[in-house]
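Predicted model, so just to flag it, every value in this text is computed and none were measured.
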Amino acid sequence: MTAKVAYADVEVGTELPAQVFRLTRATLVEYAGASGDFNPIHWNEKFAKEVGLPDVIAHGMLTMAEAARVVTDWIGDPGAIVEYGVRFTKPVVVPNDDEGATIEVSGKVAAKLDDNQVRVDLTAMFAGQKVLGMSRAVVRLA
């Protein structure tokens, strides 16, 4: 695959299409099975509360992966991501209901770099608070 976005067509400030991701308890179970991360803070309310959390929380790596989808959907090629990192700043609390938790993710080209690369800064919000800090991806465009 090759990135479907051309470097020449992108400017600093270009906004990526924002997306909304819904995480339910079922999503957490599916992710735990795929990742092998069965930490009880991600599925056991009693345990999560005993360790000081408000309720079951989403896996940080799941939240990180959902945020990256904004970039991969924009460029059309997951292999075009050269670098990606975040800091986990707030937990995503996933209630035991049919609604779950909603994460809103937006992105913006923050810098044009050498070799057809750009840095994209992402903002991931849950319940009005940023849940990922320093969320940045470097991608190689066409």
Side-chain angles (χ1 to χ4, degrees), residues 1-45 47-49 51-142:
M1 286 184 147
T2 303
K4 67 181 181 181
V5 177
Y7 181 81
D9 295 338
V10 174
E11 299 297 329
V12 171
T14 298
E15 293 189 19
L16 283 61
Q19 293 190 47
V20 175
F21 303 98
R22 188 170 67 96
L23 303 177
T24 64
R25 294 284 178 94
T27 310
L28 301 186
V29 170
E30 292 166 351
Y31 182 82
S35 69
D37 182 352
F38 294 100
N39 186 323
I41 63 172
H42 303 304
W43 58 270
N44 184 317
E45 284 180 39
F47 183 85
K49 290 178 180 180
V51 298
L53 295 168
D55 205 336
V56 166
I57 63 170
H59 303 73
M61 296 299 282
L62 173 58
T63 304
M64 184 180 178
E66 294 290 45
R69 286 178 50 191
V70 168
V71 178
T72 60
D73 288 355
W74 175 63
I75 59 176
D77 178 9
I81 293 181
V82 174
E83 192 177 306
Y84 178 49
V86 306
R87 290 188 184 178
F88 302 108
T89 57
K90 300 275 185 200
V92 175
V93 178
V94 182
N96 190 16
D97 61 17
D98 293 335
E99 299 301 314
T102 301
I103 305 168
E104 300 168 358
V105 183
S106 60
K108 186 183 295 189
V109 174
K112 290 186 82 167
L113 311 170
D114 294 333
D115 196 24
N116 283 13
Q117 295 182 32
V118 297
R119 188 186 88 218
V120 175
D121 290 353
L122 296 166
T123 302
M125 304 289 290
F126 165 69
Q129 295 187 324
K130 274 183 149 183
V131 294
L132 299 176
M134 301 293 289
S135 184
R136 296 178 174 168
V138 174
V139 296
R140 182 170 287 113
L141 301 179

Open item on the list: I'd like to check V71 versus I81 (side-chain heavy atoms, cut-off strictly below 4.5 Å). Are they in contact?
Closed with: yes

Open item on the list: Could you measure the distance from the CG atom of L141 to the CG atom of L113? Nearest 0.5 Å is fine.
Closed with: 9.5 Å

Task: Heavy-atom closest contact (G60 atom, F88 atom, distance) - done: O-CE2, 3.1 Å

Open item on the list: If you compare all heavy atoms of L28 against all heavy atoms of H42, which two are closest, and at what distance to 0.1 Å?
Closed with: CD1-O, 3.4 Å

Task: L23 to V94 - nearest heavy-atom pair and separation - done: O-CG1, 3.6 Å

Task: Note, L122 side chain near V70 side chain (heavy atom, < 4.5 Å) - done: yes

Task: Electrostatic pair D121:R136 at N-O distance under 4.0 angstrom - done: yes

Open item on the list: I want to check a possible cation-pi pair here: K90 against F126, using under 6.0 Å from ring centre and within 45° of the ring axis as the test.
Closed with: no

TODO: Identify which one of T123, V92, V105, V86 satisfies the side-chain contact (heavy atoms from CB on, under 4.5 Å) criterion when paired with V131.
DONE: V92

Task: Any donor-acceptor N/O pair, K112 side chain to V10 backbone, under 3.5 Å - done: yes

TODO: Would you please test E104 and F21 for side-chain contact (heavy atoms from CB on, under 4.5 Å) and show each step?
DONE: CA-CA 6 Å; E104 300 168 358; F21 303 98; over 6 Å; no

Open item on the list: Tell me if a side-chain donor or acceptor on D115 pairs with a main-chain N or O of Q117 at a distance below 3.5 Å.
Closed with: no

Open item on the list: If you compare all heavy atoms of G33 against all heavy atoms of F38, which two are closest, and at what distance to 0.1 Å?
Closed with: CA-CZ, 3.7 Å

Task: Basic-acidic side-chain contact under 4.0 Å: D9, K4 - done: no

Task: H59 NE2 to S35 OG distance, which is reported to the nearest 0.5 Å - done: 5.0 Å

Open item on the list: Does this structure show an ion pair linking E45 with R25, if we count only N-O contacts that are shorter than 4.0 Å?
Closed with: yes

Task: Exercise: identify the closest heavy-atom pair between Y31 and M61 - done: OH-CB, 3.2 Å

TODO: Please report the shortest heavy-atom distance between T2 and A142, naming the atom on each side.
DONE: CG2-CB, 4.4 Å

